[in-house]
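These notes are about the structure you will find just below.
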Protein chains: 2
Amino acid sequence: MAGDMYGLLWERELPVEGRGRRPGRPSGLSRERIVAEATAIADAEGLHQVSMKRIADGLDCGVMSLYRHVPGKDELVALMYDATMADAPPLPEFADWRDAMHAWAMAVRTLFRAHPWALPLATANHMMGPGEAYWLDWALGVFTRTGLDADVSLAAVLAVNGYVGGALRPELQGQDDPQWFRFMRHPAAAERFPNVQRLIDSGGIADSPVLKDSFEFGLGLVLDGLERYIETRPRPGGEP
Amino acid sequence: MAGDMYGLLWERELPVEGRGRRPGRPSGLSRERIVAEATAIADAEGLHQVSMKRIADGLDCGVMSLYRHVPGKDELVALMYDATMADAPPLPEFADWRDAMHAWAMAVRTLFRAHPWALPLATANHMMGPGEAYWLDWALGVFTRTGLDADVSLAAVLAVNGYVGGALRPELQGQDDPQWFRFMRHPAAAERFPNVQRLIDSGGIADSPVLKDSFEFGLGLVLDGLERYIETRPRPGGEP
DNA sequence: GATCGATGCGTATGAGATACGCTAATTAAG
DNA sequence: CTTAATTAGCGTATCTCATACGCATCGATC
């Protein structure tokens with residue numbers, strides 16, 4: 001179904017030169033406006049509510065006009081995703097890799113919290129666009145500067161990124177439905193899941209400081225692991 | 001759209017008693033058969049190919065017959081997800097928490113590798129069913145037995161689970177399209193993403209042992225972080 | 001002002017989910 | 001053995017969507 005996502009996401013990177021004015025009706029619509037409208041709908045009401053009709057209504061145009069600017073809906077969603085990833089202020093420089101990756105993770109989190117519909121898309125198979133590549137490149141630079149090899153740097157980025165993507169899941173759910181444990185009300189659940197039962201009985205779920213910041217708690221664990229790796233990794237020249 | 005997912009996923013936990021034989025036409029179809037057929041289609045061709053018609057054809061029945069056993073498609077997908085999570089051999093006992101969580105993570109990975117369509121669903125907002133609750137409870141038990149408080153145990157599980165879910169993403173993608181870095185062929189990409197460029201130039205991506213097992217590498221980092229936490233955490237009674 | 005090339009978009013098509021209501025198959029009651 | 005009760009199977013009709021096709025329109029260029 002997805003034809004040339006690569007061309008779709010990257011073709012505009014080079015500004016087309018040498019065409020000052022072309023013949024033909026000037027376009028009131030644009031790919032950017034369509035993507036923006038679709039994203040606004042998704043942000044407000046979920047990806048489920050994004051339909052070509054709904055977008056057209058929002059832009060006050062005919063449905064089929066959209067197809068002059070976007071190949072199809074799948075491609076539009078891919079564009080929405082990458083545009084969303086690009087929609088964040090650039091990160092500053094950091095002296096310390098750990099501060100840098102902490103900031104990186106928090107920035108990514110902010111992004112996904114603002115656009116909850118994007119997280120499942122991140123998990124689905126997709127082509128990387130410029131918006132997403134920015135984050136990868138930035139994080140790669142952080143680890144490369146600590147002296148890690150390129151492949152290990154990538155593995156480190158994948159680890160942090162993996163944690164962030166996964167840990168966001170319950171967080172985004174929590175915003176809509178704080179009752180992750182509603183199922184424990186079921187009479188059969190208590191005996192089948194004694195540890196969950198114990199957790200609920202302990203009472204302190206709601207106001208546990210660790211759980212309140214479980215994202216940063218887990219992030220800290222990952223960074224701790226990386227710190228240990230970086231400190232103890234075999235170095236080419238041995239100890240100075 | 002999702003009505004009573006809670007009842008849907010949990011109602012069958014208690015076997016209904018006291019009804020030996022009921023009147024009415026006996027059912028050839030069953031919820032289980034429908035879920036199994038739908039899962040088989042999704043495993044083979046992706047969730048996109050699962051339609052009520054396709055399922056009905058596979059089961060050699062009419063489309064509307066399915067609705068006698070499943071409230072609707074969204075609910076069917078929820079059932080598929082939870083049934084998939086329940087479709088794994090139970091984990092053995094482990095003496096060491098680290099061995100246990102390593103096995104846990106690898107088991108979850110095996111599950112998602114067998115059913116790639118399930119991972120985006122895990123990321124989407126959903127109600128926990130008995131299949132998923134099993135994994136949560138098991139992991140919670142592991143940490144609780146190390147003496148961690150219930151809330152911290154949950155945070156630890158969320159951290160490992162987060163890592164696993166997130167790290168699986170590129171892995172599942174890699175199976176279908178090993179060219180995660182195809183975008184770097186773009187002329188504009190090299191200068192905009194120098195660190196990715198350097199990574200590619202380093203050449204050793206394909207046969208880097210770290211990247212080959214990047215899942216376990218990252219998992220090790222998370223467990224290292226947890227180990228350090230467990231060893232240095234403040235204990236109620238002080239040092240023995 | 002005629003032509004060209006792109007945009008805007010109405011209409012038609014086909015897929016997919018599902019509400020409704022009828023039919024069929026059993027069991028239980030008379 | 002009827003007959004009523006109850007539940008499964010499912011054809012048809014509808015509604016929502018994505019999208020192919022082709023015509024109309026608009027400006028720039030010649």
Side-chain angles (χ1 to χ4, degrees), chain A residues 1-5 8 11-12 16 18-35 37-39 41-42 45-80 117 121, chain B residues 1-5 8 11-12 16 18-38 41-42 45-80 117 121:
Chain A
M1 67 209 77
D4 183 21
M5 288 291 186
L8 180 80
E11 66 193 0
R12 302 239 178 149
V16 180
R19 43 172 201 175
R21 279 277 62 77
R22 289 166 303 142
R25 188 177 184 171
S27 62
L29 277 176
S30 72
R31 177 173 289 184
E32 287 65 31
R33 290 221 305 142
I34 294 170
V35 170
E37 175 68 22
T39 302
I41 296 169
E45 302 173 46
L47 199 55
H48 223 71
Q49 296 304 316
V50 175
S51 71
M52 300 308 268
K53 170 126 180 49
R54 180 73 191 279
I55 297 167
D57 288 349
L59 293 173
D60 204 49
C61 69
V63 177
M64 291 313 294
S65 306
L66 303 174
Y67 288 89
R68 288 280 177 206
H69 303 269
V70 176
K73 196 184 179 184
D74 287 346
E75 289 83 358
L76 171 60
V77 172
L79 288 168
M80 288 170 64
W117 52 269
L121 293 179
Chain B
M1 67 207 77
D4 182 19
M5 288 291 185
L8 179 80
E11 67 193 358
R12 303 240 177 147
V16 181
R19 44 175 199 170
R21 279 280 60 81
R22 290 166 303 144
R25 189 177 181 170
S27 63
L29 277 176
S30 71
R31 176 173 290 183
E32 287 67 30
R33 288 221 307 142
I34 293 170
V35 170
E37 175 68 22
I41 296 169
E45 302 173 45
L47 199 55
H48 221 71
Q49 296 305 316
V50 175
S51 72
M52 300 308 268
K53 169 124 178 51
R54 180 74 192 276
I55 298 167
D57 287 349
L59 294 173
D60 204 51
C61 70
V63 177
M64 292 313 293
S65 305
L66 303 174
Y67 289 88
R68 288 279 176 208
H69 304 270
V70 176
K73 196 184 179 186
D74 287 347
E75 289 83 357
L76 171 58
V77 172
L79 288 168
M80 288 168 64
W117 52 269
L121 294 178

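In what follows, every chain begins at residue 1, and chains take the letters A, B, ... in the order their sequences are listed.
Distance OG/B:Ser30 to CG/B:Leu59: 8.5 Å, rounded to 0.5 Å. Interatomic distance, B:Asp57 CG to B:Glu37 CD, rounded to the nearest 0.5 Å: 9.5 Å.
Partners of A:Val35 according to the side chain to side chain contact (heavy atoms under 4.5 Å, CB included) rule, which considers only residues two or more places apart in sequence or in another chain, are A:Arg31, A:Thr39, A:Leu76, A:Leu79, A:Met80, A:Ala83. Looking at residues two or more places apart in sequence or on another chain, you find a side chain to side chain donor-acceptor pair (under 3.5 Å) between B:Arg54 and B:Glu45. Scored by the side chain to side chain contact (heavy atoms under 4.5 Å, CB included) test, A:Ser27 finds A:His69 as partners (sequence neighbours excluded).
When the local axes at the two ends of the helix from C:dG1-D:dC30 to C:dG30-D:dC1 are compared, using 5 base pairs at each end, they differ in direction by 20° after rounding to 10°.
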What pairs of nitrogen or oxygen atoms, one from the protein and one from nucleotides 14-18 of chain C, lie under 3.5 Å apart?
{"from": "C:dA17", "atom 1": "OP1", "to": "B:Lys73", "atom 2": "NZ", "distance (Å)": "2.7"}
{"from": "C:dA17", "atom 1": "OP2", "to": "B:Met52", "atom 2": "N", "distance (Å)": "2.9"}
{"from": "C:dT18", "atom 1": "OP2", "to": "B:Tyr67", "atom 2": "OH", "distance (Å)": "2.9"}
{"from": "C:dT18", "atom 1": "OP2", "to": "B:Lys73", "atom 2": "N", "distance (Å)": "3.0"}

For nucleotides 4-8 of chain C, give me every protein contact, N/O to N/O, under 3.5 Å, one pair per line with atom names.
{"from": "C:dG5", "atom 1": "N2", "to": "A:Arg25", "atom 2": "N", "distance (Å)": "3.2"}
{"from": "C:dT7", "atom 1": "O2", "to": "A:Arg25", "atom 2": "NH1", "distance (Å)": "3.1"}
{"from": "C:dG8", "atom 1": "OP1", "to": "A:Gly28", "atom 2": "N", "distance (Å)": "3.0"}
{"from": "C:dG8", "atom 1": "OP1", "to": "A:Leu29", "atom 2": "N", "distance (Å)": "3.2"}
{"from": "C:dG8", "atom 1": "OP2", "to": "A:His69", "atom 2": "NE2", "distance (Å)": "2.8"}
{"from": "C:dG8", "atom 1": "O4'", "to": "A:Arg25", "atom 2": "NH1", "distance (Å)": "3.1"}
{"from": "C:dG8", "atom 1": "N7", "to": "A:Arg68", "atom 2": "NE", "distance (Å)": "3.2"}
{"from": "C:dG8", "atom 1": "O6", "to": "A:Arg68", "atom 2": "NH2", "distance (Å)": "2.5"}

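Rounded to whole Å, atom P of C:dG10 lies 11 Å from atom CG of A:Asp57. Distance, B:Ile55 CD1 to D:dG9 C1': 16 Å, rounded to whole Å. Between B:Ile34 atom CD1 and D:dA8 atom P the separation is 11 Å, expressed in whole Å.
A:Met5 and A:Ala78 get closest at one heavy-atom pair: SD-CB, 3.7 Å.
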Would you tabulate the side-chain donor-acceptor contacts of residues 60-67 of chain A under 3.5 Å, counting partners in other chains and residues two or more places apart, or write 'none'?
{"from": "A:Ser65", "atom 1": "OG", "to": "A:Gly62", "atom 2": "O", "distance (Å)": "3.4"}

Q) What do the steps show when you test A:Leu29 against A:Arg68 for side chain to side chain contact (heavy atoms under 4.5 Å, CB included), and what is the final call? A) CA-CA 9 Å; A:Leu29 277 176; A:Arg68 288 280 177 206; over 6 Å; no

